[in-house]
Engineer: 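Questions regarding the structure given below will be posed in turn.
Values below: all heavy atoms of this structure, side chains included; hydrogens, waters and symmetry mates excluded. Reminder, nothing fancy here: chain letters follow the sequence lines and each chain counts from 1. Just so it is clear, the structure is predicted and the values come from calculations on it, not from any experiment.
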2 protein chains.
Amino acid sequence: MEKSECNKKLLDVATQLFSERGLHGVSIRELSQAAGASISMISYHFGGKEGLYSAVLQRQFACFAEIHEIRERVSDPVEMVESYLRWTFRRHRDNPYLLRFYTSELTNPTAFFSTLVMPVIDEVIVIMAKAIEEGQRQGRFREDVDPTNAALALAGMVNYFFLSSLATENLISHSPERDEDLVQQYLKIFTSGVGAK
Amino acid sequence: MEKSECNKKLLDVATQLFSERGLHGVSIRELSQAAGASISMISYHFGGKEGLYSAVLQRQFACFAEIHEIRERVSDPVEMVESYLRWTFRRHRDNPYLLRFYTSELTNPTAFFSTLVMPVIDEVIVIMAKAIEEGQRQGRFREDVDPTNAALALAGMVNYFFLSSLATENLISHSPERDEDLVQQYLKIFTSGVGAK
DNA sequence: TTCGCCCGAACGATCGTTCGATAACGACAG
DNA sequence: CTGTCGTTATCGAACGATCGTTCGGGCGAA
């Protein structure tokens with residue numbers, strides 16, 4: 001039998017509201033009303049408000065597993081950096097709520113941080129650090145920077161663009177049409193820096 | 001007459017608790033109990049829970065004004081980048097709660113975001129973008145990157161190090177003794193990139 | 001009839017705020 | 001010096017509102 005629509009509708013609505021105001025900022029009454037469902041449906045389908053939140057979190061962070069496919073497909077270190085940048089842009093574009101849960105959990109971790117969030121973040125950082133380390137072994141990357149730190153710097157550059165968008169929307173265009181241009185700019189900065197040759 | 005200690009104690013306790021769990025995650029009962037004060041003191045001194053939160057926010061973001069002194073003291077673009085990096089490291093070290101309010105407001109903005117948070121963030125980005133632009137005019141920085149975007153990339157690199165610390169604490173050392181080393185690494189990456197020459 | 005799915009009233013707990021009482025203290029008049 | 005008054009800081013009980021959960025029942029398909 002098909003699992004009813006109520007379930008999916010609740011997940012969708014909860015994704016938006018939780019991302020906007022956090023776990024404690026939304027009540028189950030507002031949640032269920034926005035989903036056109038009854039209050040008790042949240043406890044019925046998800047075992048309570050926290051259960052719904054964890055279901056949202058799981059669906060949000062599922063996409064991070066894609067990094068493994070990228071790593072399998074791409075072997076060249078520089079190309080790996082470019083793929084990571086493009087993948088991250090697309091990830092945020094496809095899912096405008098992701099970054100809110102991402103940083104919300106990093107700064108105000110809930111009970112699900114250590115089981116649902118931290119593992120997938122670490123996986124990405126470790127994989128990128130390994131790619132950079134391989135680049136160093138190949139003589140393509142300078143060896144006087146720590147690979148993990150370089151991976152963090154890369155992730156920071158691109159994620160911060162979306163993180164700061166609420167504050168900088170009148171300073172810089174956040175239109176998706178600029179994405180590929182930005183990918184190239186970040187790639188340039190990361191590999192060659194902003195210094196004139 | 002001296003303003004009582006109750007006021008200051010409430011501010012200190014609220015800073016920690018709000019940073020850990022957000023505006024909606026803490027009750028005034030827990031707040032006042034942790035401060036050793038009565039429940040009614042919050043409404044009495046700050047006009048309510050939100051008033052206390054805004055007082056905390058104001059005190060947190062006051063330090064961003066220091067960027068103006070730095071800009072007055074430093075004229076060389078590269079030196080300005082280095083000063084920004086060192087200043088940001090010290091800012092986060094001196095105040096471990098700052099980044100939580102910073103990102104919490106960026107992802108789950110409260111009513112005070114547009115008046116207390118956004119203006120100071122924009123100021124820093126604009127000042128750094130101008131410094132980078134000047135570096136381009138001097139021929140020290142390449143001209144094919146957008147100054148504002150470069151400023152965002154710089155801010156992203158260093159802020160993300162602290163933002164991700166909860167997830168990456170067993171991947172990389174976050175000891176303050178490494179700070180100067182990290183400043184130099186970020187400076188290197190930003191000005192020269194990770195590419196081998 | 002049975003079994004998922006769903007409803008909404010009801011419950012106890014907790015929320016933020018308000019209010020009357022109290023104590024300490026300086027100013028001032030007698 | 002002393003008694004009174006107004007101000008300020010603090011308390012805790014009480015209030016109405018809202019919180020998340022539970023529960024008895026209704027509905028439709030098997």
Engineer: Quick one: does B:Val78's side chain get under 4.5 Å of B:Met80's, heavy atoms only?
Structural biologist: no
Engineer: Using residues 109-127 of chain A as the side-chain source, report each donor-acceptor pair under 3.5 Å to any protein atom, sequence neighbours left out, with the distance given to one decimal.
Structural biologist:
residue  : atom : partner  : partner atom : Å
A:Thr110 : OG1  : A:Glu105 : OE1          : 3.3
A:Thr110 : OG1  : A:Glu105 : OE2          : 2.8
A:Thr110 : OG1  : A:Phe112 : N            : 3.3
A:Thr115 : OG1  : A:Phe112 : O            : 3.3

Engineer: Looking only at heavy atoms, what is the nearest atom pair of B:Lys9 and B:Ala35, with distance?
Structural biologist: CG-O, 3.5 Å
Engineer: Can you sort out which residues in residues 11-33 of chain A have a heavy atom within less than 4.0 Å of DNA chain D? Ascending by number, please.
Structural biologist: A:Val26, A:Ser27, A:Ile28, A:Arg29
Engineer: Kindly say if A:Tyr44 contacts the phosphate of C:dC6, meaning a side-chain N or O under 4.0 Å from OP1 or OP2.
Structural biologist: no
Engineer: When the distance from CD1 of A:Ile42 to P of C:dC7 is rounded to whole Å, what number comes out?
Structural biologist: 11 Å
Engineer: With a 4.5 Å cut-off on side-chain heavy atoms, are B:Tyr102 and B:Phe64 touching?
Structural biologist: yes
Engineer: Could you tell me the separation between the CG atom of B:Leu52 and the C1' atom of C:dG16, rounded to a whole number of Å?
Structural biologist: 12 Å
Engineer: OP1, OP2 of D:dT8 versus side-chain N and O of B:His45: anything below 4.0 Å?
Structural biologist: no
Engineer: Tell me the interatomic distance from B:Lys49, atom NZ, to C:dC15, atom C1', rounded to whole angstroms.
Structural biologist: 8 Å
Engineer: Atom CE of B:Met41 and atom P of D:dC11: how far apart are they, to the nearest Å?
Structural biologist: 6 Å
Engineer: Closest approach of A:Leu52 and A:Leu10, non-hydrogen atoms and distance?
Structural biologist: CD1-O, 4.3 Å
Engineer: Whole angstrom is fine here: how far is it from CD in B:Glu50 over to P in C:dC15?
Structural biologist: 16 Å
Engineer: Are B:Arg93 and B:Phe162 in a cation-pi setup, meaning NZ or CZ lies under 6.0 angstrom from the ring centre and within 45 degrees of the ring axis?
Structural biologist: no
Engineer: Find the distance B:Ile39:CD1 to D:dG16:P and express it as a whole number of Å.
Structural biologist: 17 Å
